[in-house]
Amino acid sequence: MHINSTRSTGFLLVLASLIMAGCSETPNEPIVIEDGQWNTPRQDFKFNKPLNKPYNSTLSKIKRKPYIGAKDTVWERMLSLYALPEVDNERVDRQLSWYLNHPDYIARIQERAAPYMHLILDEIEAKNLPGEMALLPVVESAFIPHAYSHSDASGLWQFIPATGRLFGLKQNSWYDGRRDVYASTKAATSFLQDLGETFGGDWCLALASYNYGKGNIWKAIERNEYNGRPTDYWSLDLPQETEDYVPRLLAIAKLFANADKYNIPLQRIPNQPYCAVVNVGSQLDLDVAAQMADMPLEHFLKLNPGFKKESTAPEGPHHLLVPVTRLQKFKQNLAQLPYDEWVDQRKREEELLAERQRLAEKQQAERERREQQLQAQRERQEEQRQAQQERRAELLAQKQKEQAEAERKKRDAQLLAQSRRDKQENHEQLAHNRNEENSLFTTRYKVKPGETLSTIANRNHTTVKALRQANHLTANSVNSGTYLHVPSSKSAVAIAKIKAVAKEVKTKPETNSRFYTVKKGDTFWNVSQRFATTPKTLAEWNNISSKGALRLGQRLVVKGGSSHSQPPQQLASSSSTRLIRYTVKKGDTLTQICKKFGVSAGDLRKSNSDLGKGLRSGLKLKIVTDGSHPTI
């Protein structure tokens, strides 16, 4: 049999149209399951957490609703399997109102469900589930087998990848079991059966878990138990999507059960199988399979949406859904088809080569991603290590600063106390000298008109200088009527000495120490030169090391000496500074650079705003320092 070589383009166009349109035709043929082996779900998926309250219902004792009537259609059969209690709740009424306002939507989902409903009911009945569960694809996917959600869920039953694999649904570049109608239906009903057993037959909680996850539902139950609130589904605090999920199913189930009441026509879909499951045993092009069944490729792909390429997967599965009315013809045609025409070998080799290439690229990308993650982790660790070192250095500098500040305050307090003592002694000495001076005055003399200090001194056998000193006069003239202290001739010399001592006391500094505030560019060397001493001596006065760097604003004690021992020009020149541009090398730290150039970390940051982003190799720094530093 000749196979069309241009079928690839046609296949892709048909597949794209199916994904966009979904299953919109109502099939006229019924579905059976022929021999085929299926993946069974893993046995480790049970959630065995015990319930905190006794549930009396069990799946083995599920109680069906009474149903009187024929079961000629899938809808009648579904209603006969109903088992959920009716719920009078505003949330259900709101969802029911939406469905009733969109009768065209109800018609579309019936058309889409037609090929699959008999198959779904077989699984529902086999696993003893409530018949309402057959309508769950309405809520999940609107019966579109290619439906795909933002949470990466796919298929009629909207399995996410992890849950699909947990229930035996293969997923690769050739095949997605989540979109395989039969395989996903078996997996979904097994999942629902497990949830029903987990929650002791409380199907509202089971359905909420299908949407939100068992672990999340248990947490919500435990929160209500802790707060003393009811733990039924309607009392739980859940996301809006989950709060609407169960009411949607209950509402659509209520609508189908009361279709006549709500004037909603139910399409007649016979309660008969529509398709057979055929295991062809080997890879087969899907367009060839459609030709063997003598049906359009578009209709054939509606029954087999799990395959993602133009043929069944090389490693399987190789099962196909074929309408029962075309089953014998399909088998006969396939038996007559030469095996080398089952698959376009050239295209198959190209696809396998492309698949291997994609796998190699994916592995390489994964290796590069892991390497980038490791590199980023190493860089973060290095940055954290450097940040910790800088933080430790800052803490140490802060501690040293606090200690220096405490020592400065202590020295200032000591110097202030000494200054106050010296001042008090000076005042006491002045008072004593004045008393001695006054004790030497022998008489009081009233100046007569026309008298001068010279005539008064001659008359009282003293000197003009003694009179001026005794009376604190600055001139030789004196007004008549003024009273003067007239010392005796023997005490004149003593008075002069007392005056000299008093003058010396007044001009004597309160202490032989002073303070100097460090300015920008100051170093031990230029400060010591300013006060005619040595860096070592200056450091000893302040109990610090001369090898360290002075801080801007730091107060230094200067004993003796004079800041005027040099002319102002010389003082200015002795504190000259230099601007150095330094490029950070690999391995440099902020502390090392500060020590190397005799500057503080604070000054370095003030001169270089880029340091706020961290020290890095290649960064250019501006360093202001004096020319006496040994590294310059």
Side-chain angles (χ1 to χ4, degrees), residues 14-23 31 33 36-45 109 112-113 115-117 119-124 126-127 129 133-195 206-207 209-214 241 245 249 275 277 279 286 300-321 355 358 362:
V14 170
L15 184 61
S17 66
L18 283 176
I19 293 174
M20 295 178 63
C23 298
I31 209 174
I33 309 302
Q37 295 182 354
W38 300 92
N39 294 323
T40 56
R42 284 170 44 182
Q43 298 303 312
D44 57 352
F45 66 85
I109 61 173
R112 295 171 185 161
Y116 319 123
M117 204 62 193
L119 180 154
I120 292 173
L121 289 172
D122 282 349
E123 290 298 317
I124 292 290
K127 294 188 172 72
L129 299 176
M133 299 301 168
L135 293 172
L136 193 58
V138 175
V139 180
E140 287 288 350
S141 63
F143 272 104
I144 300 175
H146 289 93
Y148 190 85
S149 76
H150 61 84
S151 59
D152 203 20
S154 184
L156 285 179
W157 302 91
Q158 288 291 286
F159 276 100
I160 61 173
T163 307
R165 284 189 289 268
L166 188 66
F167 283 87
L169 298 178
K170 290 184 178 181
Q171 298 161 61
N172 52 47
S173 61
W174 289 83
Y175 169 79
D176 189 344
R178 299 176 299 165
R179 299 192 325 207
D180 185 319
V181 176
Y182 183 61
S184 65
T185 298
K186 290 180 71 68
T189 51
S190 294
F191 191 13
L192 289 168
Q193 185 181 42
D194 170 59
L195 292 173
L207 286 166
S209 299
Y210 189 93
N211 173 257
Y212 190 40
K214 285 187 283 190
E241 178 185 342
Y245 185 80
L249 178 66
C275 288
V277 180
N279 190 349
L286 295 178
F300 191 81
L301 292 178
K302 287 180 182 179
L303 299 176
N304 298 277
F307 297 105
K308 300 164 70 174
K309 295 192 177 182
E310 300 177 21
S311 62
T312 61
E315 306 299 329
H318 302 299
H319 59 260
L320 296 170
L321 290 182
E355 181 69 18
R358 283 193 295 270
K362 182 178 179 180

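What you see is a predicted model; the values in this text were computed from it and never measured.
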[atom1]/[X] to [atom2]/[Y] distance, rounded to the nearest 0.5 angstrom?
X      : Y      : atom1 : atom2 : result
Leu156 : Tyr116 : CG    : OH    : 6.5 Å
Glu310 : Leu286 : CD    : CG    : 8.5 Å
Leu136 : Leu207 : CG    : CG    : 6.5 Å
Trp174 : Ser311 : CH2   : OG    : 4.5 Å
Met133 : Gln193 : CE    : CD    : 12.0 Å
Phe159 : Ser141 : CZ    : OG    : 11.5 Å

Q: Tell me, please, which residues at least two apart from Ala153 pass side chain to side chain contact (heavy atoms under 4.5 Å, CB included).
A: Ser149, Ser151, Gln158, Ile160

Q: Starting from the C-alpha separation in whole Å, work towards a yes-or-no answer on side chain to side chain contact (heavy atoms under 4.5 Å, CB included) for Lys127 and Leu192.
A: CA-CA 9 Å; Lys127 294 188 172 72; Leu192 289 168; over 6 Å; no

Which atom pair, heavy atoms only, marks the closest approach of [X] to [Y]?
X      : Y      : value
Ala206 : Leu195 : O-CD1, 3.4 Å
Phe300 : Leu321 : CE1-O, 4.0 Å
Pro317 : Lys170 : CD-CD, 4.3 Å
Pro115 : Arg112 : CD-O, 3.2 Å
Ser173 : Lys309 : O-CE, 3.4 Å
Val181 : Pro145 : CG2-CB, 4.4 Å

Q: Fit a plane to each ring of Tyr175 and Phe307, take the angle between them on a 0 to 90° scale, and name the class: parallel (under 30°), tilted (30 to 60°) or perpendicular (over 60°).
A: tilted

Kindly indicate whether the side chain of [X], heavy atoms from C-beta on, has any atom under 4.5 Å from the side chain of [Y].
X      : Y      : answer
Ile109 : Leu135 : no
Ile124 : Thr189 : yes
Trp157 : Ile120 : yes
Arg178 : Pro161 : yes

Q: Please lay out, stage by stage, how Tyr182 and Lys186 fare under the test side chain to side chain contact (heavy atoms under 4.5 Å, CB included).
A: CA-CA 6 Å; Tyr182 183 61; Lys186 290 180 71 68; 3.5 Å; yes

Q.
Run the ring-ring contact (aromatic ring centres under 6.0 Å, His included) test against Tyr210 and tell me which residues pass, sequence neighbours left out.
A. Phe191

State whether the side chain of [X] and the backbone N or O of [Y] hold a donor-acceptor pair below 3.5 Å, judged by distance alone.
X      : Y      : result
Lys308 : Asn172 : yes
Asp176 : Gln171 : no
Arg179 : Pro305 : yes

Q. Can Thr312 and Leu320 be said to form a side chain to side chain contact (heavy atoms under 4.5 Å, CB included), step by step?
A. CA-CA 9 Å; Thr312 61; Leu320 296 170; 4.0 Å; yes

